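Values reported hereafter were calculated over all heavy atoms of this structure, with side chains retained and with hydrogens, waters and symmetry mates removed. Each chain gets a letter, A, B and so on, in the order the sequences are listed, and its residues count up from 1. As the structure is a computational prediction, the values presented were derived from the model and not from experiment.
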Amino acid sequence: MMQDENLFAAMRGDVLNALDALAPGLPPDVLARVEVTPTKDAAHGDMATNAAMIAAKPAGKNPRELAAGLVEVLSARAGIAKAEAAGPGFVNLTLSPALLLAQLPVILNAQEAYGQGASRARKINVEYVSANPTGPLHVGHCRGAVVGDALSNLLTKAGYEVTKEYYINDAGAQVLALARSVYVRYLEALKLSPEAYIETVPGGMQYGGAYLIPIGEALAEKYGDEYAETPEANWLDIFRDFAVSRMMVMIREDLAALGVRHDVFSSERVLVENGGVERGLQVLRGKGLIYRGILEPPKGKTPEDWEPREQELFRSTEYGDDVDRPIAKSDGSFTYFANDIAYHADKVARGCPDLIDVLGADHGGYVKRMQAAVKALSGGRLDVVLCQIVKVMKDGEPVKMSKRAGTFVELRDLIDEVGPDAVRFLILMRKADAQMDFDLNAALAQTRENPVFYVQYAHARCRSVLRAAPASSAEADFSTLTAPEEMALLRRLITWPRLVEQAAESREPHRVAFFLYELASDFHALWNAGRENTALRFLQDDKPAETAARIGLVAATAIVLRSGLAVLGVNPVEEMR
RNA sequence: GUCUCCGUAGCUCAGCAGGAUAGAGCACCAGAUUCCUAAUCUGGGGGCCGUGGGUUCGAAUCCCGCCGGGGACACCA
């Protein structure tokens, strides 16, 4: 157990062994609920287990009695300084300093790989952003981008093989509207009046943002007036493809500015043109889950133009949805949902049994049917992480509108104002499914109010010490580390592997941000303890052995800070001046 | 009307797949700076965890109702 990275997992193994000796043959679902957790209160030791309370009823024993039995067995284990029963049946464990200190060489040898989960040899696909290719990214997309990216990193850290994917919705009516809006800019670039044309467009010019002006100009330069007064059929596809590819370039630039890189960009159009939709639906047809039918009108307020229609429907109610969902319109063409089924089928077919979609909260009504579809397709699991809306606040007032896009706060504007690190970290300080206010004032503050600075400052302080110190060594004698502040820091460090595991399983990258904040706090506390008590300073010229132990602790702190920041995609700064 | 997310300190939020005395930051009050970076630290006040039931050894956490807020609700993508 001494060499294990995750002391909590190792200790859980010991607890389960001890439990088996006391109460043999407990069912697996009971054992699965046994956990070994860090304690909140130092008076309760380093770790606590609920084993006795969980096992009491199925074993037909009194929890306190079982706890006493566990205490007896566990007290004899190497590395456990003290075990005691407490409260209704907790067993509190105090680890020997030797066991705790033995983790320092483990961290120093592993470097950034510390906390890396064992390879699960399991692929997982995380789809995020997937903004329509009709304009620049805005703050609404930003949250999904940051959460999806950090979640991907987290899953990788936990041992999954992750594919980061972007789904380009380039097959629907929206990209046609984009093409028409670009056509208007094209006419303007040719110094022609677009009014007459706009009259002929059903919805008018949908995308009026100034960002389309250069696209219109580029088309004017490329084609001259060749398409100036010709029917849509002549130019619509050409303009659409041109505009979409330019939009994707722009979106990739926006993402790059945030430090987000996808592995795969999937095109809806390509999927549709290759017959992917029918291929995907084939699986469902084979299972008899597609039928022709008429949906009930929605309960409550019925839309005015509602009329019964016979359509092809997917029996999603078989898999927990509220009503069956249309996959084809009354004219026979496929709905967006059909395309999306096909897309998810495609992801499954590429070898990913587990899928994650990071979506905006406005897709909330969509998750049941998509989960139903995936379950029907592969029996696999689809997790949907919904990101609630972000309101950007400045001086207590909501900020809105951008010059270029015309409707929303552009992602670029936000990054230009506060930088990618603050944007990422602050977004990750909130759970994705809670609404959040993004406070520009706090993001720009260089104080404790701003958690990014707080954490980066801790790392910079580590580096500052290490620059002035002899090289750290995993071979040092760490037994001189005894101060409460030092041990508190060490105790925090060893929870990192467990945190990675838990945060990944619950798909909650925000836990990493909170962990880093607490780790930084422990480090700042130790640092300041050294101000009051010079004996606690890291570098002591006349005591090389103690200095070596302490720089080991500092180096380990820097390693964990850095790997946590790497998960969040935030730069670990070397110094702050 | 249905579905879904949310409601924790004056403000912004955590609370780790039910667990011990509910935690941070900001704001407020009182302290620490000849020092490895005070962009930091130490201490203090401040809570019917929206509300009413239920489940159990134990509920902020799980279940049901209600109140309040966000979002989505036939062929749009």
Side-chain angles (χ1 to χ4, degrees), chain A residues 33 35 37-41 43-44 48 50 53 56-57 63 86-90 92 132 169 171-175 177 268 295-303 305-309 311 321-323 325-337 339-340 360-368 386 388-389 393 429-431 433-437 439 442 445-451 453-454 456-458 460-461 464-469 495 498-499 502-503 505-506 508 510-511 513-515 517-518 521 524-532 534 537-540 554 575-577:
Chain A
R33 289 166 57 214
E35 53 181 8
T37 59
T39 55
K40 285 181 217 162
D41 187 341
H44 296 145
N50 60 354
M53 292 178 291
K57 192 171 283 182
F90 287 101
N92 291 333
N132 286 331
N169 293 128
Q174 284 170 359
V175 287
E268 182 185 6
L295 283 175
E296 298 279 308
K299 300 202 171 57
K301 57 158 203 242
T302 303
D305 58 345
W306 191 89
E307 59 185 44
R309 271 190 287 257
Q311 302 167 269
D321 200 2
D322 305 312
V323 292
R325 305 292 177 173
I327 55 157
K329 305 175 194 174
S330 45
D331 68 4
S333 63
F334 290 121
T335 61
Y336 178 79
F337 181 48
N339 288 5
D340 229 9
D362 56 343
H363 289 73
Y366 203 64
V367 319
K368 278 189 183 176
L386 284 184
Q388 290 286 338
I389 202 159
M393 305 292 285
M429 281 294 284
R430 297 282 173 270
K431 321 182 259 227
D433 58 8
Q435 291 154 237
M436 81 172 280
D437 290 349
D439 185 346
Q446 309 210 344
T447 66
R448 178 159 200 170
E449 195 178 349
N450 184 345
F453 272 89
Y454 188 71
Q456 287 183 324
Y457 186 39
R461 276 181 154 177
S464 161
V465 170
L466 295 173
R467 274 195 299 272
T495 61
R498 178 176 188 272
L499 186 112
Q502 303 249 318
E505 281 320 301
S506 58
E508 291 183 333
H510 77 274
R511 290 194 202 175
F514 279 89
F515 168 83
Y517 189 80
E518 284 161 359
S521 181
H524 287 310
L526 174 58
W527 181 289
N528 272 71
R531 287 179 180 284
E532 318 249 317
T534 54
R537 294 195 190 167
F538 301 118
L539 306 177
Q540 315 251 355
V554 174
E575 55 182 338
M576 305 176 86
R577 296 216 175 256

Among residues at least two apart in sequence or on other chains, which ones pass side chain to side chain donor-acceptor pair (under 3.5 Å) with Asn132(A)? Gln174(A)
Go through the structure and list residues passing side chain to side chain donor-acceptor pair (under 3.5 Å) with Lys431(A), not counting sequence neighbours. none
Span that lies between the C1' atom of A59(B) and that of G54(B), in whole angstrom: 11 Å
Interatomic distance at C1', G25(B) relative to G15(B), whole Å: 15 Å
Considering heavy-atom distances to RNA chain B, does Pro326(A) or Phe453(A) have its closest nucleotide positioned more toward the 5' end? Phe453(A)
The salt bridge (charged side-chain N to carboxylate O under 4.0 Å, His left out) partners of Arg498(A) (sequence neighbours excluded) come to none
Might you point out which heavy atoms bring Ala460(A) and Glu575(A) nearest each other, and give the distance in Å? CB-CA, 3.9 Å
What one should report as the nearest heavy-atom pair of Ala468(A) and Leu539(A) is CB-CD1, 3.9 Å
Side chain to side chain donor-acceptor pair (under 3.5 Å) with His524(A): which residues, sequence neighbours excluded? Arg461(A)
Please work out if Tyr517(A) contacts a base, only the sugar-phosphate, or nothing of the nucleic acid, heavy-atom cut-off 4.0 Å. sugar-phosphate
Base-pair string, RNA chain B, Watson-Crick plus G-U, cut-off 3.5 Å on both distances, | for inter-strand, is (((((((..((((.....[...)))).(((((.......))))).....(((((..]....))))))))))))....
What pairs of nitrogen or oxygen atoms, one from the protein and one from nucleotides 40-44 of chain B, lie under 3.5 Å apart?
from, atom 1, to, atom 2, distance (Å)
U40(B), OP1, Arg448(A), N, 2.6
U40(B), O2', Arg461(A), NH1, 3.2
U40(B), O2', Asn528(A), OD1, 2.7
U40(B), O2, Asn528(A), ND2, 2.9
C41(B), OP1, Arg448(A), NH1, 2.6
C41(B), OP1, Tyr454(A), OH, 2.3
C41(B), OP2, Arg448(A), NH1, 2.9
C41(B), O4', Asn528(A), OD1, 3.3
C41(B), O4', Asn528(A), ND2, 3.3

With Glu35(A), which residues qualify under salt bridge (charged side-chain N to carboxylate O under 4.0 Å, His left out), at least two apart? none
Heavy atoms under 4.0 Å, any strand shown: does Glu307(A) hit a base, just sugar-phosphate, or nothing? base
Can you tell me the distance, in whole Å, between the CZ atom of Arg325(A) and the C1' atom of C73(B)? 8 Å
Which heavy-atom pair separates Pro38(A) from Thr495(A) by the least distance, and what is that distance? CG-CG2, 4.1 Å
Considering only the C1' atoms, how many Å lie between G7(B) and U61(B), rounded to the nearest integer? 14 Å
How would you list, by chain and number, every residue that makes a ring-ring contact (aromatic ring centres under 6.0 Å, His included) with Phe334(A), sequence neighbours excluded? none
What is the separation between atom CG on Asp439(A) and atom P on G25(B), rounded to the nearest whole Å? 17 Å
Whole angstroms only, please: what is the CD-P distance between Gln502(A) and C16(B)? 10 Å
Can you tell me how far C1' of A17(B) sits from CZ of Arg33(A), to the nearest Å? 11 Å
To the nearest Å, give me how far apart CZ (Arg511(A)) and C1' (A24(B)) are. 17 Å
Got a sec: does the CG of Leu295(A) have more than 12 other heavy atoms crowding it under 6.0 Å? yes
Atom CG of Asp321(A) to atom C1' of A72(B): distance rounded to whole Å? 13 Å
With 3.5 Å as the limit, what N/O pairs link the protein to nucleotides 3-12 of chain B?
from, atom 1, to, atom 2, distance (Å)
C3(B), O3', Lys368(A), NZ, 3.1
C5(B), O2', Asp433(A), O, 2.7
U12(B), O2', Arg430(A), NH2, 2.7

Should the pair Tyr366(A) and Phe337(A) be assigned to parallel (<30°), tilted (30 to 60°) or perpendicular (>60°) ring geometry? perpendicular
Considering all heavy atoms, the nearest Ala48(A)-Asn92(A) contact: CB-OD1, 3.5 Å
Could you state the atom-to-atom distance from CD of Gln174(A) to C1' of A77(B) in whole Å? 4 Å
With a 4.0 Å limit, can you tell me whether Thr37(A) has a side-chain N or O closer than that to the phosphate oxygens OP1/OP2 of C16(B)? no
Indicate the atoms forming the closest heavy-atom contact of Arg33(A) with Asn50(A), along with that distance. O-ND2, 3.4 Å
Asn50(A) CG to G19(B) P: how many Å, rounded? 9 Å
Where do Ala328(A) and Gln311(A) come nearest, in terms of heavy atoms and distance? O-NE2, 3.3 Å
Across the strands shown, which category fits Phe538(A) at heavy-atom distances under 4.0 angstrom: base, sugar-phosphate, nothing? base
Taking the minimum atom-to-atom distance to the side chain of Lys57(A), which one of U37(B), U56(B), A77(B) wins? U56(B)
Among residues at least two apart in sequence or on other chains, which ones pass salt bridge (charged side-chain N to carboxylate O under 4.0 Å, His left out) with Glu508(A)? Arg511(A)
Residues in side chain to side chain donor-acceptor pair (under 3.5 Å) contact with Ser333(A), at least two apart in sequence or another chain: Asp331(A)
Between C11(B) and C28(B), how far is it from one C1' atom to the other, in whole Å? 12 Å
In whole angstrom, give me the gap between the C1' atoms of A9(B) and C63(B). 28 Å
C1' spacing across the pair U51(B) / U42(B), given as an integer number of angstrom: 39 Å
Between Ser464(A) and Glu518(A), which is nearer to the 5' end of RNA chain B once each is assigned its nearest nucleotide? Glu518(A)
Checking contacts here: which listed nucleotide (G19(B), C75(B), A77(B)) is nearest the side-chain heavy atoms of Thr335(A)? C75(B)
Roughly how many Å apart are U8(B) and A22(B), using the C1' atom of each and rounding to a whole number? 8 Å
C1' gap between G70(B) and C26(B), integer Å: 25 Å
Tabulated below should be each protein N or O lying under 3.5 Å from an N or O of nucleotides 20-22 of chain B; please produce it.
from, atom 1, to, atom 2, distance (Å)
A20(B), OP2, Lys40(A), NZ, 2.7
A20(B), N6, Asn92(A), OD1, 2.7
A20(B), N1, Asn92(A), OD1, 3.1
A20(B), N1, Asn92(A), ND2, 2.9

